[in-house]
Amino acid sequence: MKLCWKIPPVSVYDIPGLERWLSAMAEQGLYLKKFRPYLCTFRRDTPRPTRYRIEPHRRQLDEELPQSMLELYREFGWDYVAEIERTMLVFSTQDPYAPEVHTDLTVQSQLWTQLARRQRRSFWISLALLAVLLLEYLYPLAAYWPDLPLTLLLVTPGFFAGFFILVTFLAAQVSLFRQWRAIRSLSRRLEAGVALEQQSIRSPSGKLEFLIQAIRFPLVLLLLLEFAIPFFIPKYIPLDEFTAFSPLSLASIEGPGYAESRYMMGTYYSDERGDQQVDANNSCQPGTPSFLCWNRWTVVQTGQTDQNGRWPRMIIQWFDPVDPLAQPLARDLLRCARTPGDREYTWRYGLEEDAPWTQEEFPLSGGYLALIEQPSTGHQAVAAALNGKAVLVRYCGGQDLRDHLDEIVDMLN
Amino acid sequence: MSKDNGPLTEPMFYVLMALLKGDRCGTEIADFAERRTGGRVRLGPGTLYTLLARFLEDGCLMETAVEGRKRTYRITPKGRQLFQAELARLRRCLSDGEEELI
């Protein structure tokens with residue numbers, strides 16, 4: 001059986017338009033096989049004049065097709081063809097003598113009015129769900145307002161895809177509203193005695209629904225991929241196995257007398273290394289790739305507390321985002337380093353919330369290089385961007401990061 | 001509609017009438033209405049299915065047999081009562097009109 005696919009030129013709820021289009025397709029030898037609002041499947045056969053009629057029939061998830069209805073229609077020469085979004089059934093006949101499906105406009109208008117009411121209820125339920133989704137999505141952003149680290153959010157897994165999926169949901173909501181209005185208008189005209197075949201409805205094109213689906217489908221896949229990837233990458237990698245870039249070494253900054261603080265943890269290697277133990281205090285953690293940043297790493301190095309009670313530690317966050325994001329990302333990273341989150345214990349320890357910070361910028365050809373420091377606590381952070389990559393080095397210890405700016409920039413080469 | 005105790009529409013009236021003298025299936029009901037009214041009342045499958053479903057729901061009709069694709073319907077005492085009430089209403093309408101003409 002030869003199949004072909006067509007985008008409906010009218011909305012699902014432009015019933016007369018849809019019926020006319022299906023009949024025109026049949027005249028070209030294309031018979032509807034499966035109806036999707038954004039892409040219909042047709043089978044090829046000999047062209048024959050065919051009448052199509054669409055009947056409202058809302059079906060619950062666990063409900064079967066109404067066999068008694070299909071049988072009665074068949075008795076009158078009308079065959080069931082397909083279902084539209086579990087709310088309508090498509091019938092067709094090639095018998096020129098088969099009676100019209102509806103011979104009483106009042107009864108017909110009551111059927112469409114029922115469907116319009118259900119569509120209105122669905123619209124409000126869907127709007128409420130969308131509002132919850134929007135709140136869920138926007139609430140974390142409000143926490144940063146007005147200093148929203150936009151670039152940081154853009155490289156966060158799920159944010160980019162989630163945002164566009166929300167946009168497509170909003171577009172679908174608008175489409176749902178217009179569909180409800182189209183059905184209501186159709187039922188009112190039937191009530192006024194205008195037969196369906198004589199109606200002409202201004203409705204959104206089916207191309208809009210196709211576009212929404214075409215955008216949404218790959219984004220949903222991307223979102224799922226972004227959530228699935230963490231299950232397939234190891235959580236910790238020993239520093240000596242790390243090859244993505246050469247991280248600045250805490251041992252070399254601190255010099256003689258430096259001793260690592262160790263915290264051995266099991267890893268999630270899926271190969272022959274099995275459950276090899278890794279020192280989580282001195283390790284590399286791959287970040288979940290996101291649409292705008294496929295490669296990102298966090299390198300943690302932690303030393304033992306020295307005789308002066310000083311706890312040396314360094315956290316390097318390294319990103320390889322899409323080129324234009326690198327510099328703004330470095331600036332946002334530096335800005336956010338002043339106000340770490342509750343889970344950033346290693347960096348937050350000893351930080352004074354209200355103590356002042358100083359900031360210095362250094363010249364870097366074609367890039368960005370800046371340092372912030374909280375003099376009262378000795379916390380230092382350097383952000384740099386070069387060659388489309390960005391890095392943030394957060395350090396606390398007895399030395400000065402100003403002496404290691406070249407090594408920091410080298411991590412971006 | 002019967003639910004509202006309002007007058008029956010013409011298609012409703014003829015659906016009930018078609019079953020007064022015996023059980024009939026869908027196409028037989030439609031044929032009866034068309035023949036009886038000289039083609040004035042025609043019942044398409046959409047209209048007939050909706051009316052049958054409502055009458056079944058209201059207990060005015062019942063299904064008696066399912067043979068292959070065919071379902072046969074029978075009028076219930078409630079349906080007969082509804083038909084007679086509509087007939088009485090129509091008679092009153094007719095006599096009102098005739099009295100005014102005299």
Side-chain angles (χ1 to χ4, degrees), chain A residues 15-16 19 51-59 63-81 84 87-116 186-187 190-191 193 195-197, chain B residues 1-4 6-19 23-58 60-74 86:
Chain A
I15 308 303
E19 288 175 350
R51 274 186 289 162
Y52 283 90
R53 291 293 175 260
I54 296 168
E55 287 284 271
H57 184 275
R58 196 177 173 93
R59 196 158 65 97
E63 217 177 323
E64 295 289 316
L65 278 169
Q67 287 308 320
S68 59
M69 182 181 182
L70 307 193
E71 283 158 7
L72 186 72
Y73 278 58
R74 211 174 292 137
E75 276 183 56
F76 284 80
W78 289 90
D79 292 312
Y80 166 74
V81 180
I84 302 176
T87 54
M88 290 179 281
L89 303 175
V90 184
F91 293 90
S92 78
T93 185
Q94 292 180 344
D95 176 0
Y97 300 107
E100 256 312 316
V101 168
H102 278 281
T103 48
D104 185 335
L105 294 187
T106 313
V107 170
Q108 196 181 8
S109 87
Q110 284 166 355
L111 290 175
W112 286 105
T113 304
Q114 273 176 14
L115 184 64
L186 180 145
S187 71
L190 280 169
E191 222 173 289
L196 207 58
E197 300 80 50
Chain B
M1 175 61 206
S2 55
K3 267 184 182 173
D4 314 315
L8 297 182
T9 61
E10 234 181 344
M12 286 174 175
F13 185 70
Y14 280 97
V15 168
L16 291 178
M17 193 195 288
L19 298 168
D23 301 351
R24 288 184 201 266
C25 69
T27 43
E28 288 168 345
I29 295 171
D31 288 346
F32 171 84
E34 193 172 347
R35 209 176 50 246
R36 198 76 179 78
T37 60
R40 186 169 47 81
V41 175
R42 302 189 73 189
L43 295 170
T47 304
L48 184 60
Y49 177 77
T50 313
L51 296 182
L52 288 173
R54 284 185 194 171
F55 281 138
L56 284 169
E57 198 186 317
D58 290 350
C60 296
L61 298 185
M62 58 189 282
E63 253 180 31
T64 52
V66 181
E67 285 173 29
R69 289 179 184 180
K70 282 194 175 177
R71 284 162 195 266
T72 312
Y73 301 90
R74 176 178 297 167
E86 179 64 10

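Note on naming: letters A, B, ... go to the chains in the order of the sequence lines (proteins, then strands), and numbering restarts at 1 for each one.
The shortest heavy-atom contact between B/G26 and A/F76 is O-CZ, 3.8 Å. A pairwise comparison of heavy atoms in A/L72 and B/L52 identifies CD2-CD1, 4.4 Å as the closest pair. In terms of heavy-atom proximity, B/R71 sits nearest to A/E75 at N-OE2, 4.3 Å. Taking each heavy atom of A/Y73 and B/G46 in turn, the nearest pair found is OH-CA, 3.0 Å.
Contact annotation for A/Q108: neither backbone nor side-chain heavy atoms come within less than 4.5 Å of a heavy atom of chain B. Both the backbone and the side chain of A/S68 come within less than 4.5 Å of a heavy atom of chain B.
In B/R36, the CZ atom is not crowded: 12 or fewer heavy atoms of neighbouring residues, nucleotides or ligands sit closer than 6.0 Å. Shown here is A/E64, whose CD atom has no more than 12 heavy atoms of other residues, nucleotides or ligands within 6.0 Å. Annotation: A/R59, atom CZ; neighbour count of heavy atoms from other residues, nucleotides and ligands within 6.0 Å is above 12.
The side-chain heavy atoms of A/F91 and B/P45, taken from C-beta on, include no pair separated by under 4.5 Å.
When the options B/T9, B/T50, B/L43, B/V41 are evaluated for a side chain to side chain contact (heavy atoms under 4.5 Å, CB included) with A/D104, the one that passes is B/T9.
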